[in-house]
Amino acid sequence: MSTTSRCIGISTGGGDAPGLNAVIRGVVKAALLNYNWRVIGIQDGFDGLLWPGKTLELTHDHVRGILTRGGTILGTTNRGNPFSYEVVEDGKKVQKDLTPRLIENMKELGIDAIVTIGGDGSMKIGYELFRRGVPLVGVPKTIDNDLSATELTFGFLTAVQTATEAIDRIHTTGESHHRVMIVEVMGRDAGWIALWAGLAGKADIILIPEIPFTIEKVCDKILEREQLGRQSSVLVVAEGIKFPPTDADGKPIPEAKPGSVGNTLAYSVRQHTGKDVRVTVLGHIQRGGTPVAFDRVLGLRFGVAAADLVAQGKFGHMVCLHCGEIRTCKLEDAIGIYRTVDPSSDLVCTARAAGISFGT
Ligand code: F6P
């Protein structure tokens, strides 16, 4: 590939994450400086290869000054799977396989190989494209840090830092008003952000999807603290927590989705403790802003390594981090396998030893 590849495409898919621009910079710099390739930026995930006017040639100028920027300069989407793309035909919405168009456009643009940066969904699409003959390599991305193939994803530590700073601020209102403060953080399937930010931000209770809790135990901890003279408690809650069927008074708990779990919990805690409860949903604040130094460096390392993978012709692979070193693995071995918090891990034990309750 190193002798024949003269032009690579790069796309970012799924939710944005701090550090994406560092990856783009790493790919572009390595491609231009190490390999003398051209680089085409594909906009808005794979949409850029389906519709006209959504690609641009990336030069040194495009990647200047982007290390500090959140988001992605290429744009992204978490819709638009080319294998099942929603289009309107005869006034009706239908799903169509647009990959022949994608491959055709790729050829027309002279793109020899693609670097796709994305979460599990994007990697699944990437793997299917690879199986259809598209030379493609992957870079894993999620602030949730829940991909088993890599010990860390860029964006995670920035999200943890942002959440920790928010929790630090929440403490003072809780203490001043003698309130229970609930902070809902991201983490649809795994509690990594809640656990790390809860530990760093000195939460009193951390609730994560991996550890089943009861409302009674949560309230016991709040009331126990009150008896010790602590009028306020801070709860850090992952958006993916699974509520028990009933609350402390045996009443059914309504279904709660990400964005509303904090409020659902607040209702039960208010009812059972009689305390004043306030909720802060951090939401996309955790995905934005300037990446911390680690995420910038990891993004750059992943980007350069992805360009190296293309040069080696190791298609159908993605870059990952193992024991602090950049490695590679097959896409098929990486997709659909999540890394969740082990309830007996040292992180959870550390939290318990520090007096933090998991509502158990
Ligand atoms: O996968 C990362 C993530 O941040 C999840 O924790 C969150 O539920 C999701 O993205 C939200 O994505 P969006 O609102 O962009 O659809």
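Remember, it's 1-based here, ligands and their atoms both numbered in the order they're listed. Note that the structure is a prediction, hence the values are computed from the model and not measured.
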For this session: Please confirm whether His284 comes under 4.0 Å of ligand 1, counting heavy atoms of the residue only.
Result: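 Yes, His284 has heavy atoms under 4.0 Å from ligand 1.
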Just wondering, do [Y] and [X] contact through their side chains at under 4.5 Å, heavy atoms?
X      : Y      : result
Phe46  : Thr116 : yes
Val236 : Ile205 : no
Ile211 : Leu207 : no

For this session: State yes or no: are the ring centers of Phe243 and Phe213 separated by less than 6.0 Å?
Result: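 Ring centroids of Phe243 and Phe213 are less than 6.0 Å from each other.
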For this session: Closest by any non-hydrogen atom to atom 7 (C) of ligand 1: pick that one out of Lys257, Gln286, Glu239.
Result: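 It is Glu239 that holds the nearest heavy atom.
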Which atoms of ligand 1 have any heavy atom of [X] under 4.0 Å away?
X      : answer
Gly187 : 6 (O)
Arg287 : 3 (C), 4 (O), 9 (C), 10 (O), 11 (C), 12 (O), 13 (P), 15 (O)
Asn78  : 13 (P), 15 (O), 16 (O)

Exercise. More than 12 non-hydrogen atoms from neighbouring residues, nucleotides or ligands closer than 6.0 Å to NZ on Lys96, yes or no?
Worked result: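 12 or below, so no.
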Problem set entry | atom 2 (C) of ligand 1: the protein heavy-atom neighbour that sits closest, reported with distance to 0.1 Å |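 Here the nearest protein heavy atom works out to Asp144 OD2, 3.4 Å.
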Exercise. Which protein heavy atom lies closest to atom 4 (O) of ligand 1, and at what distance to 0.1 Å?
Worked result: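 Here the closest protein heavy atom is Met186 SD, 3.0 Å.
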For this session: Spell out, as yes or no, whether a donor-acceptor pair under 3.5 Å connects the side chain of Arg101 to the backbone of Leu50.
Result: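 Yes: the side chain of Arg101 pairs with the backbone of Leu50.
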